[in-house]
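Below is one structure; the comments refer to it alone.
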Amino acid sequence: MSGGVTCELVAWAAARVDWLREGLLGWFERFGRCFPWREPGRSAYEVTVAEILLQRTTAAQVAQVYPDFLRRYPAWDSLARATPAELEGVLRPLGLWRQKARALQRLARSLEERHGLMPETRRELERLPGIGPYTASAVLAVVYGQAEPLLDANLARLLGRCFGLSQTLSRSSRRRLLQALALHLVRDERSLQVNWAALDFGTLVCRPRRPLCPCCPLRSACAYALLLEPPATPSAGAP
DNA sequence: ATCCGGCAAC
DNA sequence: GTTGCCGGAT
């Protein structure tokens, strides 16, 4: 009933995740992306704002408005007092600007009530407007250095493909499996690097469409790549 | 023309 | 649990 795999991965899966982690870290050293919100020493405010801006939005778009956003609204109080029209204007290039403006301002006002102090538990974080499970994980991981998996669509796709998770799995089964795999993946001193590696890798290599399997460094351990690749045809002259 | 993407509201 | 929010990518 407790479903062992959801709490503790079987050995072969754990070993495969360990291998994936090393592959991702190696790839990240060469091809990982740099973003201002990944710079060390960013405040809870700067990190949280970035994560809200990034919800259902590409990093490249967010990078274009982020510096200006921080210049105009350097802390929760200035954001709380922002003119909605100006705020929406700054966010317009991102799309979802009406929703993001509203969420950011409601969040800023909630945090002012807490004297700008960010909660340190998932439970408290998820009570804040605009902060759901993913963004709470991001704050725990980036601000507080916890080994929390950033299980967004990128990491879910990456793990789903590598482990060949069947589409016939129920959503809850799939979720639990992904959660267990992701937890093991970031159970490491370099958990934040692993998370960022997975997100970049999911965007640049293990893309939703036309993934770059032929040059993927993880393909030898990937069910999806093995399924797609033609089974090594014996060369013409082979015995 | 369709896919992609976190959260809140319904 | 389904739908709406918005643009960009394909």
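Treat the numbers as computed from the prediction; the structure is a model and nothing was measured. Every chain is numbered from 1 and lettered A, B, ... according to where its sequence line falls, protein lines coming before strand lines. Side-chain atoms are counted along with the backbone in the values below, which use heavy atoms only and exclude waters and symmetry mates.
- Distances shorter than 4.0 Å separate some side-chain N or O of A:Arg106 from OP1 or OP2 on B:dA9.
- No engagement by A:Ile52 is indicated, since no non-hydrogen atom pair under 4.0 Å with the nucleic acid exists.
- For the OP1/OP2 pair of B:dA8 and a distance below 4.0 Å, the side-chain nitrogens and oxygens of A:Arg98 include no atom meeting the criterion.
- Rounded to an integer number of Å, the gap from CZ of A:Arg92 to C1' of C:dG8 is 17 Å.
- Side-chain nitrogen and oxygen atoms of A:Thr58 include none within less than 4.0 Å of the OP1 or OP2 phosphate oxygen of B:dC4.
- The distance from atom CG of A:Leu96 to atom P of B:dC7 is 13 Å, rounded to the nearest whole Å.
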Self-check item: Residues A:Trp37, A:Tyr66; criterion ring-ring contact (aromatic ring centres under 6.0 Å, His included); working and verdict
Solution: CA-CA 9 Å; A:Trp37 52 88; A:Tyr66 189 67; 5.4 Å; yes
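- One can place CG of A:Leu128 at 14 Å from C1' of B:dA8, the figure rounded to the nearest angstrom.
- Residue contacts shown for A:Leu91 are absent, as no nucleic acid heavy atom lies under 4.0 Å away.
- Nucleotide C:dG1 holds its P atom 12 Å from the CZ atom of A:Arg175, rounded to whole Å.
- Counted by atom type alone, A:Thr58 and A:Gln61 present one or more donor-acceptor pairs between their side chains at under 3.5 Å.
- B:dA8 atom P lies 16 Å from atom CD of A:Gln105, rounded to whole Å.
- Checking A:Ser166 against A:Arg174 by side-chain atom types alone, no donor-acceptor pair falls below 3.5 Å.
- Between A:Arg209 and A:Pro133, the residue anchored closer to the 5' end of DNA chain B is A:Arg209, taking for each the nucleotide with the nearest heavy atom.
- Between A:Asn154 and A:Pro129, the residue anchored nearer the 5' end of DNA chain B, judged by the nucleotide with its closest heavy atom, is A:Asn154.
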Quiz item: Passes salt bridge (charged side-chain N to carboxylate O under 4.0 Å, His left out), A:Glu112 versus A:Arg81? Steps please.
Solution: CA-CA 11 Å; A:Glu112 277 206 307; A:Arg81 283 185 271 99; 5.2 Å; no
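- Contact annotation for A:Arg207: no contact, since no heavy-atom pair falls under 4.0 Å across all strands.
- Looking at heavy-atom distances under 4.0 Å, A:Thr57 makes no contact with the nucleic acid at all.
- Atom CZ in A:Arg171 sits roughly 10 Å away from atom P in C:dG1 (whole-Å rounding).
- In this structure, A:Trp97 does not reach the C:dC5 phosphate: none of its side-chain N or O atoms is under 4.0 Å from OP1 or OP2.
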